[in-house]
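Here the structure is laid out as structure tokens; the discussion comes afterwards.
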Amino acid sequence: MKTDDHSAEVLCWGTGLKGEFGLGERSGPFRVPIVNQLLRGIPVRQVHVGAYHSHITTEDHRVWSYGWNSSGQCGVESTEPIIKVPTEI
């Protein structure tokens, strides 16, 4: 996560084969960091990552998740094996 006094941007890089970047249909590999545009406007406070999934905690204590969900690890109300976009829990 890149921050300054006014905003936070979530950066991602790597293979991204299981939706762990939360970029929708777009996947890696990315050799240099890119900004997750789907999280723009969300007041990100923390990013928590697993092997193939991610959770975002916001300034107002909401939680968003995306990535590999084969065992429900994203915590969203979906049985889809991959959550492709940030989804609020």
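In plain terms, the two heavy atoms of P86 and G22 that are nearest each other are CD-O, 3.3 Å. The minimum heavy-atom distance linking N69 with G75 is given by the pair OD1-N, 4.1 Å.
Taking the side chain as every heavy atom from C-beta outward, N36 and L11 never approach each other to under 4.5 Å. Between V10 and F21 there is no side-chain heavy-atom pair separated by less than 4.5 Å. Between V44 and E59, the closest side-chain pair of non-hydrogen atoms is not below 4.5 Å.
Checking H48 against T57 by side-chain atom types alone, a donor-acceptor pair falls below 3.5 Å.
Exactly one of V76, T58, T87, L38 qualifies for a side-chain contact (heavy atoms from CB on, under 4.5 Å) with W64. That residue is T58.
Transitive grouping of hydrophobic side chains (ILVMFWY, heavy atoms separated by less than 4.5 Å) keeps I34 and V85 in distinct clusters.
Sorted by first and then second residue, the salt bridge (charged side-chain N to carboxylate O under 4.0 Å, His left out) pairs with a member in residues 76-87 read E25-K84; sequence neighbours excluded.
Rounding to the nearest 0.5 angstrom, the gap separating the CD1 atom in I83 from the OG atom in S54 is 12.5 Å.
A search for salt bridge (charged side-chain N to carboxylate O under 4.0 Å, His left out) contacts involving E88 returns R62, not counting sequence neighbours.
Within 6.0 Å of OH on Y52 lie no more than 12 heavy atoms contributed by other residues, nucleotides or ligands.
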